[in-house]
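First the structure, in the form of structure tokens, and then the observations on it.
In this text the structure is predicted, and so the values were computed from the model without any measurement.
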Amino acid sequence: MTHAESPAGLEELLREFEPLDRTERMEQLIDWADQFVGVPASVATRPFAELNRAPRCESEAYVFATDRPDGTLDFHFAVENPQGLSAKAWGAILEHVASGAPLDQVAAIDPDSIYRIFGRDLSMGKGQGLIGMLELVQFEARKRLRAR
């Protein structure tokens, strides 16, 4: 799979993160986490359905997708752990790059993008949780693609 298959916004973001050192990367991720808005009550309310819970995510992240008239999706996230900085940053990033993107591009997001954004020293536990969030986003995109 080539990276060109990913949503354009993700490719742009990867280029921004690539040259950053560890400190700059953390500052950028904190900025993204600060942009995290959470799932609107019109989409989902607590207690969130277990089927929306990201597998292996220690921060108890939930993923929700709503259909747009153009056939793309809006993605929304809930992160129940108030200290879940990485999950909040990744949720904000996914909401930004995957909402409104062509479904085939969303389905093709390379999980390695997580390490390209968060850095290679990302812990296995955090990495698995962030991959779990991506898997749910991709599941929703693939489900819509199959229904076409």
Side-chain angles (χ1 to χ4, degrees), residues 3 5-18 20-68 70-145:
H3 292 298
E5 295 174 13
S6 296
L10 178 59
E11 288 303 313
E12 186 179 315
L13 200 63
L14 291 171
R15 283 192 296 279
E16 286 176 26
F17 270 89
E18 225 96 57
L20 301 180
D21 66 25
R22 192 168 194 264
T23 303
E24 294 166 326
R25 187 178 300 274
M26 288 309 299
E27 289 170 1
Q28 282 290 95
L29 289 169
I30 289 168
D31 286 348
W32 275 103
D34 287 345
Q35 295 175 47
F36 181 80
V37 291
V39 62
S42 60
V43 173
T45 56
R46 288 179 183 88
F48 300 122
E50 204 54 33
L51 68 97
N52 294 94
R53 186 173 176 169
R56 306 176 304 280
C57 185
E58 298 163 355
S59 294
E60 291 185 59
Y62 294 81
V63 179
F64 304 90
T66 55
D67 294 288
R68 286 184 171 192
D70 66 1
T72 64
L73 295 170
D74 278 318
F75 291 97
H76 311 278
F77 301 86
V79 176
E80 295 297 87
N81 178 349
Q83 278 77 48
L85 181 77
S86 297
K88 288 179 180 179
W90 185 230
I93 289 169
L94 282 173
E95 185 172 341
H96 175 74
V97 302
S99 291
L103 298 180
D104 57 336
Q105 291 180 7
V106 173
I109 294 173
D110 187 344
D112 190 54
S113 301
I114 294 165
Y115 295 96
R116 292 175 64 196
I117 291 171
F118 285 82
R120 294 284 164 196
D121 55 350
L122 184 67
S123 74
M124 171 142 342
K126 272 190 188 154
Q128 287 301 304
L130 300 178
I131 289 170
M133 291 172 70
L134 176 59
E135 287 171 352
L136 274 181
V137 165
Q138 291 176 317
F139 170 79
E140 292 293 338
R142 289 183 182 120
K143 185 167 71 173
R144 297 330 190 271
L145 284 168

Closest contact, heavy atoms only, A141 versus L103 | CB-O, 3.8 Å
Among all residues two or more places apart in sequence or in another chain, which pass the side chain to side chain donor-acceptor pair (under 3.5 Å) test with S59?
-> none
Which heavy atom of A65 sits nearest a heavy atom of R144, and at what distance?
-> O-NH2, 3.8 Å
From Q35 CD over to H96 NE2, what is the distance, rounded to the nearest 0.5 angstrom?
-> 8.0 Å
Scan for ring-ring contact (aromatic ring centres under 6.0 Å, His included) pairs involving residues 115-141, sequence neighbours excluded, and state none if there are none.
-> none
Roughly how far, to the nearest 0.5 Å, is CD of E5 from CG of D104?
-> 8.5 Å
Considering residues at least two apart in sequence or located in another chain, which fulfil the ring pair (Phe, Tyr, Trp, His ring centres under 6.0 Å) criterion with Y62?
-> F48
Return the minimal non-hydrogen interatomic distance between C57 and A87, and the atom names on each side.
-> SG-CB, 4.5 Å
Value rounded to 0.5 Å, distance of CH2 in W32 from CG in L94 | 10.0 Å
Partner residues of R56 under the side-chain contact (heavy atoms from CB on, under 4.5 Å) criterion, sequence neighbours left out | Q128, I131, E135
Rounded to the nearest 0.5 angstrom, the CZ-CG distance for R116 and L13 is 10.0 Å
So, do R25 and F17 sit near enough that their side-chain heavy atoms are less than 4.5 Å apart?
-> yes
Return the set of residues passing side chain to side chain donor-acceptor pair (under 3.5 Å) with R120 (not counting sequence neighbours), or none when no residue passes.
-> D112
side-chain contact (heavy atoms from CB on, under 4.5 Å) partners of A49, counting only residues at least two apart = L51, N52
Listed partners of A98 passing side-chain contact (heavy atoms from CB on, under 4.5 Å), at least two apart | F75, V106, V137
side-chain hydrogen bond (donor to acceptor under 3.5 Å, both in side chains): pairs with one or both residues in residues 72-84, sequence neighbours excluded = R46-E80, T66-H76, R68-D74, D70-T72
salt_bridge(E18, R15) N-O dist < 4.0 Å | no
Would you name the heavy atoms of L14 and S113 that are closest together and state the gap between them?
-> CD2-O, 3.8 Å
Got a sec, which residues hit side chain to side chain donor-acceptor pair (under 3.5 Å) with E12, two or more places apart in sequence or on another chain?
-> none
What pairs meet the side-chain hydrogen bond (donor to acceptor under 3.5 Å, both in side chains) rule with one or both residues in residues 85-94, with sequence neighbours excluded?
-> none
Rounding to 0.5 Å, atoms CG (L10) and CD1 (I117) come to a distance of 5.5 Å
Sequence neighbours excluded, which residues qualify as side chain to side chain donor-acceptor pair (under 3.5 Å) partners of D31?
-> none
Taking all heavy atoms of Q105 and all of S6, pick out the closest pair and write down the distance.
-> OE1-O, 3.8 Å
Residues L20 and E24: closest non-hydrogen pair is CA-OE1, 3.4 Å
For T23, side-chain contact (heavy atoms from CB on, under 4.5 Å) partners two or more places apart | D21, E27
Donor-acceptor pair, E95 side chain versus F77 backbone, under 3.5 Å?
-> no
CZ of F64 to CG of L73, rounded to nearest 0.5 Å, is 14.0 Å
